[in-house]
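Here the structure is a predicted model, which means the values were calculated and not measured. One-based numbering along the sequence shown.
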Amino acid sequence: SYAQMKDYDKAEEAYKKATEIRPKDPTPWNGLADIYTAQRKSDLAVAASTKAAELAGASGGLVGGGANADVLFNQGVTLFNAGKAADAKGIFEQITKSSPEHAEAHYMYGLTLAGENPAGARAEFVEYLELGANDRVAHLLRDGRRRLHGFHADAAVFIDDHERDGFDCGQPVRRPL
């Protein structure tokens with residue numbers, strides 16, 4: 001796809017055309033949010049992901065007034081990447097309650113809790129692992145799991161240690177729909 005080739009102008013054009021052809025489908029709006037995020041166009045990314053969540057809600061999904069968990073998750077990641085962690089926190093909390101099997105939502109909710117509630121962040125990271133997450137982040141957390149069980153410092157210290165190891169926890173990869 002154009003987005004995978006990083007031809008963002010053509011990708012944007014294609015997604016905008018798709019929004020005209022399928023005006024009630026949230027998928028092209030999520031695509032727009034992805035390409036805007038990749039270009040660090042935060043305001044446009046947030047607007048596109050919000051539109052996707054609204055459309056998903058109108059089409060009768062499972063979470064948050066009808067929006068499905070993956071669309072809401074993408075909206076939360078977009079907000080988090082735009083520096084709006086407080087707004088993202090509510091979305092991730094909602095997903096962890098409504099779709100408790102959504103491992104990535106537990107991880108992201110943990111990130112939003114890290115500075116203010118280390119015990120809550122730790123619990124979300126552990127839940128993420130217990131749900132069987134098997135991506136790079138999960139491997140990093142499993143490598144440090146012994147430390148996770150016994151750490152008393154702020155959970156942000158745990159995250160910072162992994163950032164120094166070359167993984168940027170502040171820019172999570174969006175989960176494909």
Minimum heavy-atom separation for [X] to [Y], with atom names?
| X | Y | result |
| --- | --- | --- |
| Asn117 | Gly120 | OD1-N, 2.7 Å |
| Leu79 | Ala88 | CB-CB, 4.1 Å |
| Leu32 | Ala48 | CB-CB, 4.0 Å |
| Leu72 | Ala53 | CD2-CB, 4.3 Å |
| Ala45 | Thr37 | CB-OG1, 3.4 Å |
| Ala52 | Pro26 | O-CB, 3.3 Å |

Is a side-chain donor or acceptor of [X] paired with a backbone partner of [Y] at a separation under 3.5 angstrom?
| X | Y | value |
| --- | --- | --- |
| Ser49 | Val46 | yes |
| Gln39 | Ile35 | yes |
| His102 | Thr96 | no |

Could you measure the distance from the [atom1] atom of [X] to the [atom2] atom of [Y]? Nearest 0.5 Å is fine.
| X | Y | atom1 | atom2 | answer |
| --- | --- | --- | --- | --- |
| Thr19 | Leu55 | OG1 | CG | 9.5 Å |
| Asn74 | Asn30 | CG | CG | 4.5 Å |
| Gln94 | Phe73 | CD | CZ | 14.0 Å |
| Lys89 | Leu111 | NZ | CG | 13.0 Å |
| Asp87 | Gln75 | CG | CD | 9.0 Å |
| Tyr109 | Glu124 | OH | CD | 6.0 Å |

Practice item. State which residues pass side-chain hydrogen bond (donor to acceptor under 3.5 Å, both in side chains) with Lys51; sequence neighbours excluded, sorted by chain then number. Key: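 For Lys51, no residue satisfies side-chain hydrogen bond (donor to acceptor under 3.5 Å, both in side chains) once neighbours in sequence are set aside.
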
Point to revise | CA sep, side-chain torsions, deciding dist, call: Lys17, Glu13, salt bridge (charged side-chain N to carboxylate O under 4.0 Å, His left out) | key: CA-CA 6 Å; Lys17 189 170 193 167; Glu13 183 181 325; over 6 Å; no

Exercise for review: Decide side-chain contact (heavy atoms from CB on, under 4.5 Å) for Asp9 and Asp7; before the verdict, give the C-alpha distance in whole Å, the side-chain angles of both, and the deciding distance to 0.1 Å.
Suggested key: CA-CA 6 Å; Asp9 291 336; Asp7 188 342; 4.3 Å; yes

Practice item. Check whether any side-chain heavy atom of Tyr36 lies under 4.5 Å from a side-chain heavy atom of Glu12, and answer yes or no. Key: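 Result yes, sub-4.5 Å side-chain heavy-atom pair found.
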
Review point. Can Glu93 and Lys97 be said to form a salt bridge (charged side-chain N to carboxylate O under 4.0 Å, His left out), step by step?
Key: CA-CA 6 Å; Glu93 180 180 21; Lys97 287 181 176 17; 3.3 Å; yes

Point to revise | Test side-chain contact (heavy atoms from CB on, under 4.5 Å) applied to Val77 and Phe92, step by step | key: CA-CA 9 Å; Val77 171; Phe92 296 131; 4.1 Å; yes

